[in-house]
There are 2 protein chains.
Amino acid sequence: MEQKESSRAGKAAGRGTYAVGDERRLRILDAAVEHFAQWGFHASSLARIAKDVGITQGGLLHHFRSKEDLLVQVLERTEQHDKEKFFDEDFSTAAECYANLVRLTEYNAARLGRTRMFNVLAAEAGDPGHPAHPYFVRRYAELVAVMSASLQRAVDSGELKEGTDVIEVAEETAAVMDGLQLQWVLDPRRFDMVSRFRAYADRLLRSITAEATGLP
Amino acid sequence: MEQKESSRAGKAAGRGTYAVGDERRLRILDAAVEHFAQWGFHASSLARIAKDVGITQGGLLHHFRSKEDLLVQVLERTEQHDKEKFFDEDFSTAAECYANLVRLTEYNAARLGRTRMFNVLAAEAGDPGHPAHPYFVRRYAELVAVMSASLQRAVDSGELKEGTDVIEVAEETAAVMDGLQLQWVLDPRRFDMVSRFRAYADRLLRSITAEATGLP
DNA sequence: GTCTATAACCGGATAGAC
DNA sequence: GTCTATCCGGTTATAGAC
């Protein structure tokens, strides 16, 4: 799965280090994000995406075998980007882990189209026949694995209460993030997603942090 | 908008008390739920829905002016049903309110297609031009209003901590329910949505309940 | 009420010219 | 690499027969 990309991905791991011929490809991917965001997968059209890039539908299909192929590569691209930005380091405390998730929420709150795309695709992918179904199943599994591992270290270190169900907490946290995004996209100006997530994280951590002081 | 329906709605408010000619209408609505669930709005087709009912696309459009009309009436129907079932009474304690939401989660967990439909439509409706956009904006507002009113009564009665931000808690709870539904639909057999929501409700209530005992 | 027929379009994918 | 042309099928909505 990864070898396919290794030949064209940036060699020096620097930003923007791509083969020259891939510039058009990247512009297509960016345009596709916007369209999948607004229309979902089924209702997006290659012709309209191509038009945004300034080429025709036929031209677009020179870079991507099919519409499905385009979707999968869009997801792979954004995922790779997110992982580098937010899941590179292993957090040693739960507080750090949630501070990082607040950062992720801020990042999403600055990208309406991208966030709406994930909302729509995650929901559409509930259909087992949807091309993004395997992606989202794997995505949640990985997210929960990374988060629960962080939380488990926090339990072991004594930061969190003994007996905390770290899987449960990780899945709940993922749910809160997704649910807040749903409400935020419906009314981005009114709904303060970042504050809401921060409030959730604070209350959650307070309720699962091992109490060290205060009691006799 | 409501007069249109008043002539054909059940007169005695009893279950199933509909005009005879509306049987076909109801079967169309039920079939539409399944299709909107699997395909969302844009990618669903009137012809396929009609086929499931056993009529043609032309025949279907005798009962519903347009595809948009069908969607709106599907949403109105399910909403009316839900309100009667889960939001009829005003709850005097927060514990009762959340017990009722657990019941709602159980109800949803027994209806995969319907729940998937709401996931997809709620996400699609993030686009302001989507026919269901106004519906979902109003839906969240009403849900938060009802829940936060319940919670406020619980604060006033001393069940919950003084100074609890009831709007914040209500919006967070809605987010958890939606987020859990998203994960559940992706893998209904593995993911236990009801347990997860119960765990969330328990932890939330513990952290916002006014402590009455235990401290000197 | 339901059908068939049709209008007027849009969808993805392929083939081949340049 | 991008275009045009084309295939073949799907879409909603309307019109009119029965």
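Here is how names work: the chains are called A, B, and so on, in the same order as the sequence lines, proteins then strands, and each is numbered from 1. The figures here come from the full heavy-atom set of this structure, side chains too, leaving out hydrogens, waters and symmetry mates.
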Length of the line joining B/Leu46:CG and D/dT11:C1', which is rounded to integer Å: 9 Å
Determine: side-chain N/O of A/Arg48 to OP1/OP2 of C/dG11, distance under 4.0 Å, yes or no. yes
Spacing between B/His62 atom NE2 and D/dA15 atom P, to the nearest angstrom: 15 Å
Does NZ or CZ of B/Arg48 come closer than 6.0 Å to the centre of the six-membered ring of B/Trp39, within 45° of the ring's axis? yes
Using whole Å, what does the distance between atom C1' of nucleotide D/dA13 and atom CG of B/Leu71 come to? 17 Å
Take atom CG of A/Leu60 and atom P of C/dT14, then tell me their distance rounded to the nearest Å. 14 Å
Under 4.0 Å between a side-chain N or O of A/Thr56 and OP1 or OP2 of D/dC3? yes
If you measure from the Lys or Arg side-chain nitrogens to the Asp or Glu carboxylate oxygens, is any gap between A/Glu96 and A/Arg153 under 4.0 Å? no
Rounded distance in Å - CH2 (B/Trp39) to C1' (D/dT11): 14 Å
What I want to check is whether an N or O donor and acceptor connect the side chain of A/Gln57 with the base of C/dG12 at under 3.5 Å. yes
In whole angstroms, how far is the P atom of C/dG12 from the CD1 atom of A/Ile55? 14 Å
CD1 of B/Ile49 versus P of D/dT11: gap in Å, rounded? 10 Å
Honestly, is B/Arg139 close enough over B/Tyr135, meaning NZ or CZ under 6.0 Å from the six-membered ring centre and within 45° of the axis? no
If I take atom CZ in residue A/Phe64 and atom P in nucleotide D/dG1, what distance separates them, rounded to the nearest angstrom? 13 Å
Short side-chain N/O contact from A/Ser45 to OP1 or OP2 of C/dC10, under 4.0 Å: no
Strictly below 4.0 Å: does B/Arg65 bring a side-chain N or O up to OP1 or OP2 of D/dT12? no
Give the nucleotide from the list D/dA13, D/dT4, C/dG1 with an atom nearest to the side chain of B/Ser66. D/dA13
Distance test, side-chain N/O of A/Arg24 to OP1/OP2 of D/dT2, below 4.0 Å: yes
Which is true for A/Leu61 with a 4.0 Å heavy-atom rule: it touches a base, it touches only sugar-phosphate, or it touches nothing? base
Counting the benzene-type ring for Trp, do A/Phe191 and B/Tyr140 have ring centres under 6.0 Å apart? no
Result of checking B/Lys85, B/Arg138, B/Arg114 against B/Glu79 for salt bridge (Lys or Arg N to Asp or Glu O under 4.0 Å): B/Arg138
Please determine if a side-chain N or O atom of B/His42 lies less than 4.0 Å away from the OP1 or OP2 oxygen of D/dT11. no
At under 4.0 Å, does any side-chain N or O of A/His63 touch on OP1 or OP2 of D/dT2? yes
